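Computed from a prediction, not measured in an experiment: that's the story for all the values here.
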Amino acid sequence: MQLALDAARDAARQGEVPVGAVLLSAEGEVLACAGNRRQRDQDPTAHAEMVVLREAAAKLGGWRLTGTTMVVTLEPCLMCAGALVLARVARVVYGAKDPKGGAVESLYRVVEDARLNHQVEVIGGVLAEEAGALLRAFFQERRRS
């Protein structure tokens with residue numbers, strides 16, 4: 001989670017919402033690490049999780065990311081939760097809950113839906129206070145500007 005928090009801080013320095021993600025192999029190797037890039041790339045899908053999934057798939061030469069673990073500072077949204085299922089990620093570990101957009105536990109439980117062809121294990125609340133504090137500080141600063 002510390003790597004994801006570092007990526008989130010880097011994203012904030014670049015004017016992005018401070019969310020960071022890391023994808024780990026089944027052996028614990030870092031396959032990809034990134035922060036949000038929506039502003040920089042002018043891409044609505046460039047959430048940290050999506051960037052990391054794309055980078056890891058390119059590195060591994062395939063879209064099936066079986067056995068991997070996504071570590072992300074904020075509970076994934078509907079788009080990212082769906083991508084985790086489609087990529088066959090084994091588990092998601094997240095920091096802060098997202099009561100307005102979270103699709104892992106808060107609003108929806110997409111990754112655990114038994115009607116889908118794959119389910120993702122969920123571990124939430126890891127360093128949640130630190131991850132949440134980054135987001136609160138970022139948006140407080142934005143409101144002052």
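Here Leu24 is tied into one hydrophobic group with Met1, Leu3, Leu5, Val22, Val30, Val71, Val93, Ile123, Val126, Leu127, Leu134, each link being a pair of ILVMFWY side chains closer than 4.5 Å.
For Gln39, there are no side chain to side chain donor-acceptor pair (under 3.5 Å) partners two or more places apart in sequence or in a different chain. Listed by chain and number, the residues in a salt bridge (charged side-chain N to carboxylate O under 4.0 Å, His left out) with Arg13 are Asp10 (sequence neighbours excluded). Every residue meeting the side chain to side chain contact (heavy atoms under 4.5 Å, CB included) condition with Asp6, not counting sequence neighbours, appears here in chain and number order: Arg9. The side chain to side chain donor-acceptor pair (under 3.5 Å) search around Arg143 returns none, not counting sequence neighbours. Judged as a salt bridge (charged side-chain N to carboxylate O under 4.0 Å, His left out), and not counting sequence neighbours, Arg54 has no contacts. Take Glu27 and apply the side chain to side chain contact (heavy atoms under 4.5 Å, CB included) test, not counting sequence neighbours, and it matches Ser25. The side chain to side chain donor-acceptor pair (under 3.5 Å) search around Arg91 returns Thr69, Glu121, not counting sequence neighbours. Partners of Leu86 according to the side chain to side chain contact (heavy atoms under 4.5 Å, CB included) rule, which considers only residues two or more places apart in sequence or in another chain, do not exist here. With sequence neighbours left out, the salt bridge (charged side-chain N to carboxylate O under 4.0 Å, His left out) criterion links Arg40 to no other residue. With sequence neighbours excluded, the residues forming a salt bridge (charged side-chain N to carboxylate O under 4.0 Å, His left out) with Glu29 are Lys59, listed by chain and number.
Between atom CD of residue Gln140 and atom CG of residue Leu135 there is a gap of 11.0 Å, rounded to the nearest 0.5 Å.
His118 approaches Val89 most closely through the heavy-atom pair NE2-O, 2.7 Å. Shown here for Ala12 and Pro18, the closest heavy-atom pair between the two residues is CB-CB, 3.8 Å. When all heavy atoms are compared, the tightest approach of Gly35 to Ala48 is C-CB, 3.7 Å. When every heavy atom of Phe138 is checked against every heavy atom of Gly15, the shortest pair comes out as CZ-O, 4.0 Å. Between Asn117 and Arg88 the shortest heavy-atom distance is ND2-NH2, 3.2 Å.
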Please evaluate residues Leu116 and Val111 with respect to the criterion side chain to side chain contact (heavy atoms under 4.5 Å, CB included), reporting the C-alpha separation (whole Å), side-chain torsions for both, the decisive distance (0.1 Å), and the verdict. CA-CA 8 Å; Leu116 299 174; Val111 300; over 6 Å; no
Apply side chain to side chain contact (heavy atoms under 4.5 Å, CB included) to residues Val122 and Arg109 and explain how you reach the verdict. CA-CA 10 Å; Val122 176; Arg109 291 181 168 269; over 6 Å; no
Is there a side chain to side chain contact (heavy atoms under 4.5 Å, CB included) between Arg38 and Met50 once you walk through the steps? CA-CA 11 Å; Arg38 289 187 312 165; Met50 300 296 286; over 6 Å; no
Any chance you could lay out the side chain to side chain contact (heavy atoms under 4.5 Å, CB included) test for Glu55 and Leu23, step after step, and finish with the verdict? CA-CA 9 Å; Glu55 288 180 6; Leu23 192 70; over 6 Å; no
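For the pair Met70 and Val52, the minimum side-chain heavy-atom distance is below 4.5 Å.
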Identify all side-chain donor-acceptor contacts of residues 73-81 below 3.5 Å with residues at least two apart in sequence or on another chain.
{"from": "Thr73", "atom 1": "OG1", "to": "Gly20", "atom 2": "N", "distance (Å)": "3.1"}
{"from": "Glu75", "atom 1": "OE1", "to": "Asp98", "atom 2": "N", "distance (Å)": "3.0"}
{"from": "Glu75", "atom 1": "OE1", "to": "Ser106", "atom 2": "OG", "distance (Å)": "2.6"}
{"from": "Glu75", "atom 1": "OE2", "to": "Val104", "atom 2": "N", "distance (Å)": "3.2"}
{"from": "Glu75", "atom 1": "OE2", "to": "Glu105", "atom 2": "N", "distance (Å)": "2.6"}
{"from": "Glu75", "atom 1": "OE2", "to": "Ser106", "atom 2": "N", "distance (Å)": "2.7"}

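Note on Tyr94 and Val51: separate hydrophobic clusters, where clusters join Ile, Leu, Val, Met, Phe, Trp and Tyr whose side-chain heavy atoms are under 4.5 Å apart, directly or indirectly.
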